[in-house]
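Just so we're clear, the structure is a prediction, and the values are computed from it rather than from any experiment.
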Amino acid sequence: MAIRKKSTKSPPVLSHEFVLQNHADIVSCVAMVFLLGLMFEITAKASIIFVTLQYNVTLPATEEQATEPASLYYYGIKDLATVFFYMLVAIIIHAVIQEYMLDKINRRMHFSKTKHSKFNESGQLSAFYLFACVWGTFILISENYISDPTILWRAYPHNLMTDLVQWWDCHREMGKAVVEELFKGAQILYGMITQRFQMKFFYISQLAYWLHAFPELYFQKTKKEDIPRQLVYIGLYLFHIAGAYLLNLNHLGLVLLVLHYFVEFLFHISRLFYFSNEKYQKGFSLWAVLFVFGRLLTLILSVLTVGFGLARAENQKLDFSTGNFNVLAVRIAVLASICITQAFMMWKFINFQLRRWREHSAFQAPAVKKKPTVTKGRSSKKGTENGVNGTLTSNVADSPRNRKEKSS
């Protein structure tokens, strides 16, 4: 990212520089169009597709068990509109953090161009990783993932569409009295209402954030040599998050994302402290240990869930209507993608550590190297006087003593 230079002369409207300087205001106006559309009856139906979560099925509440109706969600093509709207929101939040936090710190610290770019990148990502970790941990705790890890593969697929169809069939055939008895035994379902909404909103937000990273490459004037690296890890995030969302592996994807985000947050927050004080390097050591541990734990959870849990499930038929993708080909593809990604990350990690080790060794080499000492006694047979490693230098041949012996 290049350092922005403020000029007194305002650029022409809709020019390249104008868009870069005012992209947050432009995106805010576009987002306000969707919000204002909710105020009018004609445009409300179209605007609500962008602003609120779609594909919800509402269960009516009973007098004894709940005071509000229950809503359960699944996915569909309209989710793309919701992702687009929250991508705009992510661009606005990105600009707010950049202008009101990171730019002020950059002016005080007077970073170089290289450190300025890396500091902004770590500042943005550390804020996102922290927010996503806290949000994801809240969902994990509220749905009892820690106390019952079998939820990762039990009752797959995790969209409850089959249960909803059965509920409506019971409602038509058995009558209201029997349905109320059915709701009395459905306390677990009502306890997961908020988490179902939070689960879908979490994935929509993740997709929106990583999609917003593409236009940010242009808005933040990212250097050409940094663009391939950025595109690779943005693409990997989108591939795995969208894969978990579409294959209904929401629970496994959430656990792996929280684990990965925590390790990445530690790296970027350590880099922020390192830029403020280069003597602070303890955070990188802790991150290196947790990075390797995180890769191993990711592989263990993936193999345990996909390789053993889903492989032993009774229903192993491909069914798009119920969202069941528990077949051998899909399980192999999921495990292969996770293993290849973890191997790629470990390869990058090892190269990074080797490069740091070489730079550290090269930095300490001049300090360790001893200066050659000159002795007044006779030189040895190898002629080490004024030489290095037993080789004579030009100073030995041109010394006053040798000149005196030649004249005699």
Side-chain angles (χ1 to χ4, degrees), residues 72-75 79 129 132-163 188 192 195-207 209-210 235-264 290-291 293-320 322-346:
L72 301 172
Y73 292 86
Y74 56 102
Y75 63 82
D79 289 341
Y129 288 144
C133 275
V134 174
W135 189 5
T137 303
F138 168 76
I139 299 175
L140 292 177
I141 295 175
S142 59
E143 292 199 8
N144 298 323
Y145 284 83
I146 300 176
S147 60
D148 188 10
T150 59
I151 297 179
L152 293 176
W153 61 84
R154 183 161 46 87
Y156 176 85
H158 307 295
N159 55 12
L160 297 180
M161 284 302 300
T162 306
D163 296 336
I188 298 177
M192 297 173 65
Q195 289 72 42
R196 293 294 174 185
F197 170 82
Q198 292 289 344
M199 179 74 78
K200 178 167 183 174
F201 193 34
F202 179 84
Y203 274 92
I204 293 291
S205 301
Q206 297 301 306
L207 293 172
Y209 180 85
W210 291 112
L236 286 175
Y237 275 114
L238 288 174
F239 174 75
H240 287 88
I241 294 173
Y245 184 65
L246 296 176
L247 297 177
N248 290 315
L249 294 171
N250 303 328
H251 299 70
L252 177 63
L254 177 63
V255 174
L256 298 185
L257 277 177
V258 171
L259 176 63
H260 177 74
Y261 282 169
F262 175 75
V263 177
E264 291 298 301
L290 292 180
F291 182 88
F293 178 75
R295 305 286 70 78
L296 293 175
L297 190 58
T298 298
L299 291 175
I300 292 173
L301 290 175
S302 301
V303 173
L304 182 64
T305 302
V306 180
F308 291 95
L310 295 180
R312 297 179 179 179
E314 296 181 359
N315 188 6
Q316 296 190 16
K317 294 181 180 181
L318 185 63
D319 190 353
F320 292 98
T322 59
N324 185 14
F325 300 94
N326 186 16
V327 293
L328 180 61
V330 175
R331 292 199 302 268
I332 292 176
V334 170
L335 285 178
S337 63
I338 293 175
C339 293
I340 291 173
T341 303
Q342 301 308 308
F344 172 75
M345 295 176 65
M346 280 300 301

4.5 Å side-chain heavy-atom contact, N324 and L318: no
For the student: nearest non-hydrogen atoms of V327 and K317, plus distance: CG1-C, 4.0 Å
CA sep, side-chain torsions, deciding dist, call: F262, Y129, side chain to side chain contact (heavy atoms under 4.5 Å, CB included): CA-CA 7 Å; F262 175 75; Y129 288 144; over 6 Å; no
Nearest-0.5 Å distance that lies between atom CD1 in I204 and atom CD1 in I241: 11.5 Å
Over all atoms of both residues, closest heavy-atom pair of L247 and Y156: O-OH, 2.6 Å
Q316 to L310 - nearest heavy-atom pair and separation: NE2-O, 3.6 Å
Distance-only polar pair, side chains of Q206 and Y261, donor-acceptor under 3.5 Å: yes
Spacing of CD1 belonging to I151 relative to CG belonging to N250, to within rounding of 0.5 Å: 13.0 Å
Shortest non-hydrogen contact from Y203 toward L249: OH-O, 3.9 Å
Residue pair F202 / I139: nearest heavy atoms and the distance that separates them: CB-CD1, 4.1 Å
For residues 331-345, which side-chain donor-acceptor pairs fall under 3.5 Å, sequence neighbours excluded?
unit_1 : atom_1 : unit_2 : atom_2 : d
R331   : NH1    : N326   : OD1    : 2.9
S337   : OG     : A333   : O      : 3.2
S337   : OG     : V334   : O      : 2.7
T341   : OG1    : H240   : NE2    : 3.0
T341   : OG1    : S337   : O      : 2.7
Q342   : OE1    : R295   : NE     : 2.4

Donor-acceptor pair, side chain of N248 and main chain of G323, under 3.5 angstrom: yes
Note, F291 side chain near E264 side chain (heavy atom, < 4.5 Å): yes
Rounded distance (nearest 0.5 Å) linking atom CG of L140 with atom CG of L254: 4.5 Å
NZ-OG distance between K200 and S205, expressed to the nearest 0.5 angstrom: 11.5 Å
Pairwise distance CG(L236) to CH2(W210) - rounded to 0.5 angstrom: 10.5 Å
The single option from F138, Y245, W135 passing ring pair (Phe, Tyr, Trp, His ring centres under 6.0 Å) against F201: W135
Non-hydrogen atoms of Y74 and D79 that approach each other most closely: O-OD2, 4.3 Å
Which atom pairs, donor and acceptor, lie under 3.5 Å between side-chain atoms of residues 300-309 and protein residues at least two apart or in another chain?
unit_1 : atom_1 : unit_2 : atom_2 : d
S302   : OG     : T298   : O      : 2.7
T305   : OG1    : L301   : O      : 2.8

Y237 atom OH: more than 12 heavy-atom contacts under 6.0 Å: yes
